[in-house]
There are 2 protein chains.
Amino acid sequence: MSQRKDGTDSGKIGERFDSAVLEDTLAEIEPASLQMREEATGYIRTLTMPDWALGRLLDLAVDLAGMTRSLRFPVANKEVLLLAGDHGIVAEGVCPQSSEITAQMVRNFVSGGAGINALAAVAHAKVTVVDMGVAADLHDLAFPGKIVDCKIAPGTKNFAKGPAMSRAEAIRALEIGIALVEQRAATTDVFGTGEMGIGNTSPSSAIVTVLSGASDPSAYVGRGAGLPTERLKHKAEVIRKAIELNHPDRTDALDVLAKIGGFEIGGIAGVILGAARHHKPVVVDGFISSAGALIAGALSPASRDYMILAHGSAEPGHAMMAQLLNKQPLLNLGMCLGEGTGAALAMPLLDAAASVMTGMATFTSAKVSDKGIRR
Amino acid sequence: MSQRKDGTDSGKIGERFDSAVLEDTLAEIEPASLQMREEATGYIRTLTMPDWALGRLLDLAVDLAGMTRSLRFPVANKEVLLLAGDHGIVAEGVCPQSSEITAQMVRNFVSGGAGINALAAVAHAKVTVVDMGVAADLHDLAFPGKIVDCKIAPGTKNFAKGPAMSRAEAIRALEIGIALVEQRAATTDVFGTGEMGIGNTSPSSAIVTVLSGASDPSAYVGRGAGLPTERLKHKAEVIRKAIELNHPDRTDALDVLAKIGGFEIGGIAGVILGAARHHKPVVVDGFISSAGALIAGALSPASRDYMILAHGSAEPGHAMMAQLLNKQPLLNLGMCLGEGTGAALAMPLLDAAASVMTGMATFTSAKVSDKGIRR
C-alpha cells in the first residue's frame, strides 16, 4: 500500500493491534458506494432546477447517497455523542481555565443549559454525554443514566513529561467510540461528534502538527477557550517540546493518539470508525473532533468517506486538518465552542439534502421544460 | 444628508414620490435599536461558553435583538414570499430558456415540487407565491387562492429598447411588496424573499452595475440558469448598451428600478421596506433578491438593519452586492437557484440564534466557573 498524504502507511497498522474489536472494525469499513454516488448525480439532474443550482447542498446529497447506499437516505434520527475528558497538559499553563470546569460543564450538559443543548434542540438531535476520562467523580450522574460512564482514567497524563496514555488505553478509547455506535446503529441515522475537555486544544494542535509532518506547531496553535494572545508562544513551545520528547511515529496513528492525544479524541475517532462500518454519516464538529477524524482517517482511509466536516473552526489549525482530510467544511461562522455545537448547527443541511432527494419533482413529472437547463 | 456609498442621496428621494404608501413607509422605518444590541451583547457574555465562542451566530443574535427590540425574539412563524415576473430582455438572447418556464415553475411551486418547497419544509416556513408580472394567464391558480394575483403587466418591457417599466409601475411594485408584509406582519416573525423569472439575472446585473458606479457590467454578469460561457460576453454587452440607452439616475433608486429593474425585484424591495417598518427580520435570498435589497437600501438606508443575507450566490455580481449592502452572507454553498432556497436554508440559523438566547444557562445559574473565560 502506498504512502498517504498524512504519512500513514495503512497497510501495516493492523499488525500492531492487540485488539479484536478495533481490528474487525477496520477490516469491515468499506468505501462509499461509487455506484450510488453516480445514481444520485444522475437523479439530481432530472430535478426541476438549473444544473447543479443548489451547489454544495447537492454534493452533500451525493455524499450521503454514497455513504448510505440509498437515494432516499434517512436523516431523521440524529444523535450527538459528546465525549468528555481531562488533560494532564493543563499543568503546563497552556490554558487559563482549570480542569474543574470540565465536570462543571458536564453537569451543565445534563441540565440542558449549554450551547450544545440549545443547538441540538433546533436540529432535533439527541445529546448523549459520555465520560471518557473526566478528572472528577461523576457517579451521581452515571448511576441514573444521565451520562454514560466509560471513564478510562481521571484525565490523561501530562504529555509534556511523557506519553498521555498507554497504547492499551488508546485502543480502549477507540473501542469505546466504536461500541457507542454499535449500540445505536440500528436506531440512529446520523451521528454527530462533540467533546468537552479543558486543555484539549493542545493535544489537537499536537496531532495536526505531527500528522501534517510539520516540525513547528506555531501555525496550528490557537487561543482555545480564551488564552491571552501573549501566552500563545508559550503554548506552542510546550507542544513543540512535548512532541520532541515523545517523538510519536506519524506512520502509526495509535502511537500518535497514545503519546499526544486524549481520551475523548480517541473516542471520537472510534465513533467515526463505527459509523463508517455501519455506512452511517458522521458530522464532525470542529478543531478537537477533527483531530479525532485525523486519527480515524489514518487508521482507515476509507472512513473519510463517512465524515462530514460541519464547520471551519476559528482555531487556526483547523484549516490544515480539513486539508489533510481533503474536506471542505459546510459552515464558516467563526465558531470555536466545541461540544458538538457546529455539528448540530450543520445537521439541518442534511435534512435539506434529504428533502431535495425525496421532495422535488422531475422535469417530466412537473411538466417543466428542460430546454436550455438540463445537460 | 451626506452622499452614501451607493450614490443615493436619501434626503431628496421622498420629494419625488407620488405615492403615499411608499412615502409613509419610508418615513416610518427606524434603525435597529442600538440599546437592545448592547443589552444582547452583555447578556450573551453571561452565558456558559468562552467569550463569543459561537462567533457569527452570536452576531446574528445581536442583530435580531436589535431589529425586534427583544432578547427573546420570536422566530417560529416564517414565510417566504416568492415573487414571480417575466422580463422583456429575454428577446435579446441573454438566457437559454424561454419565458414559458416562469409560469411552469409557478405551477411547480403550487404543486410543491420545486427546490423551495423541499427546503421550506425543512425550515418550517410557509411559501406564498405572488404573480408580480408573469407573462401567462394564471387565473386558474389565483382564483382558488393558490397564488396571490398582483400582476402589474405580463412581463416588463425589453430594457434594451427603452425603460423596463414606468415610474408608476415601479412604485406599484414596491407598494405591493409593502402591502404583502402589512397583511402578514401580525402573524409572521421572519420573512424570506424569493423570486422566479426567466431572464431576471440581467436586470439584477444591471442594477448592481449602476448602483456600484461601474461603467462596464462584465464583472457582474454570470451564467444565470445555465447560459453557455461563450454567450456571457453577449449578455454583458446587451446590459451595457441598455444602461447606456436608459441612463438611469443612480441617485434615484426609483429611476433605476423603473428603467432597468423588474416587477419581482421591486416587489422584493417593497417586502424589505415593509419588514423594516415592522421591525421584522427579512432573510434576503441570493442574487436577484439582493438586487431588490439594493433598491430598498437606496430608498431607506435604515432598512438595511433588517436585512440578513442568506448566502453568497455563485453569480459573480453577488459579492459586490453584499459589499454595497455592507453585509456578510451566512452561508456559502455555491448555490444559484433563487426561489428563496437560500433564505429557507439559512432560516434554521435564526432558530439557533434564538435558542441560544432562550435556552442557555448563565455562568451563575449553572454554577460554572467563569475564571479565565468571561471578560
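Below, read A as the first sequence line, B as the second, and so on, with proteins coming before strands; counting in each chain starts at 1. Note: hydrogens, waters and symmetry copies are ignored here, and every other heavy atom, side chains too, is used.
No more than 12 heavy atoms of other residues, nucleotides or ligands sit less than 6.0 Å from atom NZ of B:Lys146. Taking a 6.0 Å sphere around NZ of B:Lys126, one finds it holds 12 or fewer heavy atoms contributed by other residues, nucleotides or ligands.
With values rounded to the nearest 0.5 angstrom, B:Gln104 atom CD is found 5.5 Å from A:Ser369 atom OG. The structure places CD of B:Glu339 at 9.0 Å from CE of A:Met49, a figure rounded to the nearest 0.5 Å. Summarising the geometry, atom CG belonging to B:Leu330 is positioned 12.0 Å from atom CG belonging to A:Asn332; distances are rounded to the nearest 0.5 Å. The CH2 atom of A:Trp52 sits 13.5 Å away from atom CE of B:Met335, with the distance rounded to the nearest 0.5 Å. Atom CG of A:Asn108 and atom NZ of B:Lys367 lie 12.0 Å apart (nearest 0.5 Å).
Annotation: residues 350-357 of chain B contacts chain A through B:Asp351, B:Ala352, B:Ser355, B:Val356 [non-hydrogen atoms, separation under 4.5 Å].
The part of B:Leu331 that comes within reach of chain A is its side chain, from C-beta onward, which places non-hydrogen atoms under 4.5 angstrom from that chain.
Chain A forms more heavy-atom pairs under 4.5 Å with one residue of B:Thr362, B:Thr358, B:Leu57 than with any other, namely B:Leu57. No other option in A:Leu227, A:Leu54, A:Val122 has as many heavy-atom pairs under 4.5 Å with chain B as A:Leu54. Counting heavy-atom pairs under 4.5 Å between each of A:Pro348, A:Ser98, A:Ala225 and chain B puts A:Ala225 at the top.
The closest side-chain heavy-atom distance from B:Leu333 to A:Asp59 is not below 4.5 Å.
Of all heavy-atom pairs spanning B:Lys371 and A:Gln97, the tightest one is O-CG, 3.5 Å. The nearest pair of heavy atoms linking A:Met105 to B:Thr48 is CE-O, 3.9 Å.
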Could you tabulate the donor-acceptor pairs under 3.5 Å formed by side-chain atoms of residues 109-120 of chain A, not counting sequence neighbours?
unit_1	atom_1	unit_2	atom_2	d
A:Ser111	OG	A:Arg107	O	2.9
A:Asn117	OD1	A:Gly113	N	3.4
A:Asn117	OD1	A:Ala114	N	2.9
A:Asn117	ND2	A:Phe109	O	3.1

